[in-house]
Each structure stands twice: as C-alpha cells, then as structure tokens.
Enquirer: 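Here it is, the structure in full.
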Amino acid sequence: MGLFDQMMGGMMGGMLGNMLSKAGPDGAGALIETLLNGPMAQALPGILNGALAKTPYGSIEGVLARLREAGLGHEVDSWISTEPNVPVSADEIVTALGPEPLEAAAGSLGLQADMLPELLAKHLPTIIDHFSPNGVLELPGS
C-alpha cells in the first residue's frame, strides 16, 4: 500500500468513524447498507483493513481467522456461505479479538472503543456476506 493509499484510507476511515459515531449502533445499519450499495462499497474493505493494520490481526481476513480460532468458525462460515448469517454478540467479539486490538481499531476509525464490538457484531456478518455473494470471500484489491 502506497503513501497516497494510506493517507486516503486514514482520511476515509476517519470520515466513516465520524458518520458511524453520529449514527450510533442502531443507525449504523442503514449507513452501512447505504455504503455497501453505493460507490464507497469498493473502498469499505480497504478502510477496515487500514483500521485493522495496527492490530495483531492486520486485515479482515486476519479477524475472520481469529474468530474461527476462538470457536466462531460456524458463524464466520455462515457469513461467507450462501446460507443465512449466524449472529454473534458483542461479548463474543471482545472475547475472540481482545479489548486492546479492538481499542486500537476503534481509534483508527475515530470511534469510541466500546462502540466497535457492538458495530462488528451487528454489521460484520452483513459486510462479509456482501463480499461473498457466491460463497467465496472476494474483497476488492485482494
């Protein structure tokens, strides 16, 4: 990733975090749905990867691998498959990923640390599902 990509990812991540903070956990669903169906959809994985780069997981794929290792493989597999998404809770996200990495990712997005686990629990399945319409995760730029 070049310097320009890093700068744009940081700027877009800050903007996304600001929008999510203002929308709150409940309003974030409509915002994320709008993003996934609009011109920013292709940028969303890069923004999330940028926020995760400073965590032990490094990327969306790293987060999914850690969730699987923590016993949430059935849930993650459902998001990628063409079957209905199996939900996870914010507590399961915190247990699987750890509070410190989540705090670092939240900071990269400009979010309060306690907001990110709930947002991930509610919306990560939808985001992953969106980028795996045929049962295979296909993130733009990967």
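Below, each value reflects all heavy atoms present in this structure, side chains not excepted, and no hydrogens, waters or symmetry copies. The first residue of the sequence shown is numbered 1, and numbering continues consecutively from there.
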Enquirer: Specify the closest pair of heavy atoms between S78 and S81, including all atoms of both residues, with the distance to one decimal.
Expert: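 Of all heavy-atom pairs spanning S78 and S81, the closest is O-OG, 3.1 Å.
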Enquirer: Using the test side chain to side chain contact (heavy atoms under 4.5 Å, CB included), find all partners of A53 that sit at least two apart in sequence or belong to another chain.
Expert: none
Enquirer: Can you name the closest pair of heavy atoms from L67 and I93 and give their distance?
Expert: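 Smallest interatomic distance, heavy atoms only, reads CD2-CD1, 4.2 Å.
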Enquirer: Could you walk me through whether N85 and E75 satisfy the side chain to side chain contact (heavy atoms under 4.5 Å, CB included) test, starting with their C-alpha distance in whole Å, then the side-chain angles of each, then the deciding distance to 0.1 Å, before giving a yes or no?
Expert: CA-CA 7 Å; N85 292 337; E75 291 82 346; over 6 Å; no
Enquirer: Return the minimal non-hydrogen interatomic distance between G135 and T82, and the atom names on each side.
Expert: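 The answer is N-CG2, 4.0 Å.
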Enquirer: Kindly compute the distance separating CD (E61) from CD1 (I128), expressed to the nearest 0.5 Å.
Expert: 8.0 Å
Enquirer: So, the side chain of W79 versus the backbone of V86: is there a donor-acceptor pair under 3.5 Å, distance only?
Expert: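 Looks like yes, one N/O pair under 3.5 Å.
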Enquirer: What residues form a side chain to side chain contact (heavy atoms under 4.5 Å, CB included) with E92, not counting sequence neighbours?
Expert: L72, V88, S89
Enquirer: Among residues at least two apart in sequence or on other chains, which ones pass side chain to side chain contact (heavy atoms under 4.5 Å, CB included) with T95?
Expert: none
Enquirer: Work out which heavy atom in I80 is nearest to a heavy atom in L137; give both atom names and the distance.
Expert: CG2-N, 3.9 Å
Enquirer: Report the residues that fulfil side-chain hydrogen bond (donor to acceptor under 3.5 Å, both in side chains) with D77, sequence neighbours left out, ordered by chain and then residue number.
Expert: R68
Enquirer: Using the rule given for side chain to side chain contact (heavy atoms under 4.5 Å, CB included), can you reason through I60 versus I127, listing the C-alpha separation, both sets of side-chain angles and the distance that settles it, and then say yes or no?
Expert: CA-CA 10 Å; I60 294 170; I127 293 168; 5.6 Å; no
Enquirer: Of all residues at least two apart in sequence or in a different chain, which pass the salt bridge (Lys or Arg N to Asp or Glu O under 4.0 Å) check with D114?
Expert: none
Enquirer: Rounded to the nearest 0.5 Å, what separation is found between the CD atom of E118 and the CD atom of Q112?
Expert: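 Interatomic distance, E118 CD to Q112 CD, rounded to 0.5 Å: 11.5 Å.
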Enquirer: How many angstroms lie between CG in L120 and CG in L97, if you round to the nearest 0.5 Å?
Expert: 7.0 Å
Enquirer: Compare every heavy atom of A113 with every heavy atom of E103, then report the nearest pair and how far apart it is.
Expert: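 Heavy atoms of E103 and A113 come nearest at CG-CB, 3.8 Å.
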Enquirer: Nearest 0.5 Å please: distance from the CG atom of L116 over to the CG atom of L102.
Expert: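 Here the interatomic distance stands at 5.5 Å.
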Enquirer: Residues in side chain to side chain contact (heavy atoms under 4.5 Å, CB included) with T55, at least two apart?
Expert: L52, Y57, P101, A104, A105
